[in-house]
Engineer: 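This is the structure, below, for whatever I ask next.
To find a chain, count down the sequence lines: A is the first, B the second, and so on, and within it residues start at 1. The figures here come from the full heavy-atom set of this structure, side chains too, leaving out hydrogens, waters and symmetry mates.
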There are 2 protein chains.
Amino acid sequence: MSEHGATRATTAQDVADLAGVSISAVSRAFTPGASVSKQTRSRVMEAAEKLGYTPNLVARSLATQRSGIVGLVMGDIRNPYYPEVIDALSRRLASSGFRTMLTTVWGDVTVDDVGPSLVQSKVDGVIIASIAEADRLGDTLFKAGAAVVLFNRSTLASESLSSVRCENVEGGRSVANFLLDRGLTRLAYIAGVEHIYTTQEREAGFVGRITERGHQLHARETGDYTYQGGFDAAQRLASLDVPPDSVFCANDITAIGAIDGFRALGLRVPDDISVVGFDDIELASWPPYRLTTVRQDKTALIENTVGMLVQQIRSGERTRQIKLVPVAIVERNSVVSNRVAG
Amino acid sequence: MSEHGATRATTAQDVADLAGVSISAVSRAFTPGASVSKQTRSRVMEAAEKLGYTPNLVARSLATQRSGIVGLVMGDIRNPYYPEVIDALSRRLASSGFRTMLTTVWGDVTVDDVGPSLVQSKVDGVIIASIAEADRLGDTLFKAGAAVVLFNRSTLASESLSSVRCENVEGGRSVANFLLDRGLTRLAYIAGVEHIYTTQEREAGFVGRITERGHQLHARETGDYTYQGGFDAAQRLASLDVPPDSVFCANDITAIGAIDGFRALGLRVPDDISVVGFDDIELASWPPYRLTTVRQDKTALIENTVGMLVQQIRSGERTRQIKLVPVAIVERNSVVSNRVAG
DNA sequence: CAGAGTTTTGCAGGCGCATGCAATATGACG
DNA sequence: CGTCATATTGCATGCGCCTGCAAAACTCTG
């Protein structure tokens with residue numbers, strides 16, 4: 001942290017001396033909106049330039065009681081949906097003047113390890129995505145004074161947390177309509193990790209709509225939100241006495257695993273079985289898959305998440321906000337065009 | 001950063017008061033190895049527990065001149081190789097007591113934006129992976145006193161930076177041998193982003209070995225380290241008057257794109273053309289690809305990187321260290337078994 | 001040019017914790 | 001019980017910067 005070797009890092013005092021002003025002037029010169037004359041500021045800047053001075057953010061954090069750091073808590077980021085999210089979030093945060101502290105929670109790292117660490121780090125805000133006990137972690141941090149926004153997560157278990165997520169229920173309903181409209185009748189669902197809200201909501205919408213239209217869910221499996229999970233689930237579905245004619249998967253990576261699972265058994269997608277995913281990750285558009293899926297508007301999700309968080313940080317208000325971003329089906333080639341009309 | 005609402009966050013002073021000791025005692029109780037009696041420590045801990053006290057790391061950082069934060073600088077992390085790396089690195093850092101500050105550099109965010117930010121943040125160390133001007137950024141941070149380790153990057157342009165990377169040259173040579181041994185004769189290379197060392201080294205080894213064995217590189221294309229880049233490059237190669245019979249790609253995602261590119265033209269892999277990648281990402285093992293590739297020992301890479309960095313931070317020494325991790329070919333089904341022996 | 005209003009400036013006192021040093025308490029020994 | 005070495009403690013100061021307040025320097029009127 002200190003200068004390598006003997007040379008001490010230059011401080012505001014050094015700059016002040018060189019510029020012939022007080023330390024306060026230096027501080028104000030580097031604080032947007034502070035009260036400094038143009039001449040003083042430029043004199044300070046010149047001296048700072050000469051000395052290679054740059055404000056010490058640790059000291060500033062201590063003095064201002066704001067760290068300028070946002071914690072980003074992710075689950076297993078090996079789901080290809082998340083890299084894009086991490087990248088976009090951290091860039092968007094940077095453009096708002098916040099730095100990103102990343103933590104992943106899964107396996108042997110639990111919410112109870114992460115919470116205290118973030119509190120001690122005095123993060124101004126936290127974005128929590130895709131972890132099991134998001135609510136509990138969120139509540140802890142909220143009580144410690146941080147602004148908290150859940151990303152793509154529901155907040156049923158908490159009364160105070162804000163969240164930004166997409167219309168999961170509506171997405172599930174659309175898929176039901178989409179498949180039913182094509183004459184498919186034996187619809188199955190491959191769930192994600194059971195206790196996570198996104199998969200529950202998607203399933204609820206899907207099954208709800210199927211029921212409304214007088215049908216019922218033909219089969220159900222769990223895919224664990226992973227490629228392998230989807231692969232295995234597909235094989236189980238295919239070996240049913242009466243296999244489904246179409247499968248809606250909790251996310252794209254599961255759907256892609258499912259496609260490969262069906263194909264490994266010699267089934268053709270979509271001719272023998274239709275598959276629909278959720279997310280619209282880049283992989284979904286690759287030639288081997290051409291997956292029909294429900295697109296999440298990532299830009300809108302991220303923009304809303306960061307906007308909401310920054311607003312809460314700046315204002316100090318913590319009123320709960322919920323933002324649902326609409327979804328849309330992207331039609332590719334993993335669903336038969338029309339079984340009825342033929 | 002401050003407690004939500006009116007209640008101020010509890011400080012060491014509050015704990016000291018309750019425990020009937022001085023503030024120093026509290027500080028020492030929370031500092032491993034400090035001079036405190038057992039009784040004092042337990043009294044302090046009890047009081048801290050009661051008040052929900054936890055040391056303010058910002059203040060501690062200012063006082064100790066060590067932030068306990070390591071900057072992680074990544075390029076475009078949408079290459080599926082990197083999520084695994086980020087995850088593993090941040091977890092490994094956490095287990096060594098360091099928090100991770102993530103920054104991605106590409107597009108409109110440049111090295112010149114990131115450098116100052118990291119310096120100001122007073123990170124203790126920085127891991128730089130896969131960005132264009134890694135050397136320059138590294139030198140800047142090094143001069144500012146941070147420990148720096150380049151991950152999977154060479155350091156030709158810098159004399160002082162440490163690095164951990166795999167045997168790229170040797171990997172390229174192995175692939176040449178592997179293909180030549182199978183009777184393939186028209187070998188091509190699909191490069192990554194041109195100015196990046198990893199692709200240069202892999203190519204150098206590949207071409208060098210081909211030449212040594214009395215052959216020469218049949219064709220060369222640029223794949224940009226992306227799926228689409230590989231896809232397009234494959235199509236260009238396939239349309240040559242005399243197309244190659246095998247292609248070595250700078251990384252797996254390019255190789256996978258190339259496979260799909262060949263297939264889109266009706267070519268079969270490996271029957272019509274063999275493809276080899278580099279990295280061994282999860283995707284490489286999926287049924288549609290079954291990619292033969294060069295495996296990087298990620299665990300070793302990460303272990304060495306963090307180990308080296310932490311050692312430099314703790315000791316304050318900045319002697320340059322270079323660690324090369326061996327690689328090995330993982331044989332799957334994207335290369336013909338033996339064209340000669342038939 | 002005096003006086004009121006406005007902008008700039010420096011001073012001083014934090015922010016929460018770490019730590020060298022001197023003072024005190026504890027323990028060992030004869 | 002006295003003496004000296006050792007283990008604990010608290011005090012005071014510092015880490016580098018921010019900011020309320022009052023003083024100083026300008027600006028503008030009449």
Engineer: Taking only the side-chain heavy atoms of A:Ala63 (C-beta and beyond), determine which of D:dC17, C:dG20, D:dG14 contains the nearest atom.
Structural biologist: D:dC17
Engineer: Counting only side-chain heavy atoms from C-beta out, which of D:dT19, D:dG10, C:dC17 sits nearest to A:Arg28?
Structural biologist: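 Looking only at heavy atoms from C-beta outward on A:Arg28, the closest nucleotide is D:dT19.
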Engineer: For residues B:Asp124 and B:Phe98, report the shortest heavy-atom separation together with the two atoms involved.
Structural biologist: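 That would be OD2-CE2, 3.7 Å.
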Engineer: Counting side-chain heavy atoms from C-beta on, which of D:dC18, D:dC15, C:dG10 comes nearest to A:Ile23?
Structural biologist: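 Comparing D:dC18, D:dC15, C:dG10 against the side chain of A:Ile23, the answer is D:dC18.
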Engineer: Evaluate the side-chain contact (heavy atoms from CB on, under 4.5 Å) criterion for residues B:Ser90 and A:Thr103: first the C-alpha distance (whole Å), next the side-chain angles of each, then the deciding distance (0.1 Å), finally the verdict.
Structural biologist: CA-CA 7 Å; B:Ser90 75; A:Thr103 316; over 6 Å; no
Engineer: Select from A:Ser27 and B:Lys38 the residue whose nearest nucleotide in DNA chain D is closer to the 5' end of that strand.
Structural biologist: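 Closer to the 5' end of DNA chain D: B:Lys38.
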Engineer: Less than 3.5 Å apart, any donor N or O on the side chain of A:Ser160 or A:Arg318 sitting next to an acceptor on the other?
Structural biologist: no
Engineer: Once you apply a heavy-atom cut-off of 4.0 Å, does A:Ser37 come out as touching a base, just sugar-phosphate, or nothing?
Structural biologist: sugar-phosphate
Engineer: For the helix from C:dC1-D:dG30 to C:dG30-D:dC1, what angle separates the axis at the start from the axis at the finish, each from five pairs, in steps of 10°?
Structural biologist: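 End axes: 30° apart.
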Engineer: Rounded to whole Å, please give me the gap between CD in A:Gln65 and P in D:dG20.
Structural biologist: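 Nearest whole value for this atom pair: 13 Å.
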Engineer: Take A:Arg92 and A:Glu303, measure what salt bridge (charged side-chain N to carboxylate O under 4.0 Å, His left out) needs, and give me the verdict at the end.
Structural biologist: CA-CA 8 Å; A:Arg92 184 64 188 70; A:Glu303 195 57 38; 2.9 Å; yes
Engineer: Give the nucleotide from the list C:dT8, C:dC17, C:dC11 with an atom nearest to the side chain of A:Ser24.
Structural biologist: C:dC11
Engineer: Scan A:Thr11 against the nucleic acid and name what it touches under 4.0 Å (heavy atoms): base, sugar-phosphate only, or nothing.
Structural biologist: sugar-phosphate
Engineer: Contact class for B:Val26 vs. all strands (heavy atom < 4.0 Å): base, sugar-phosphate, or nothing?
Structural biologist: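 The answer is nothing, as B:Val26 stays clear of every strand by at least 4.0 Å.
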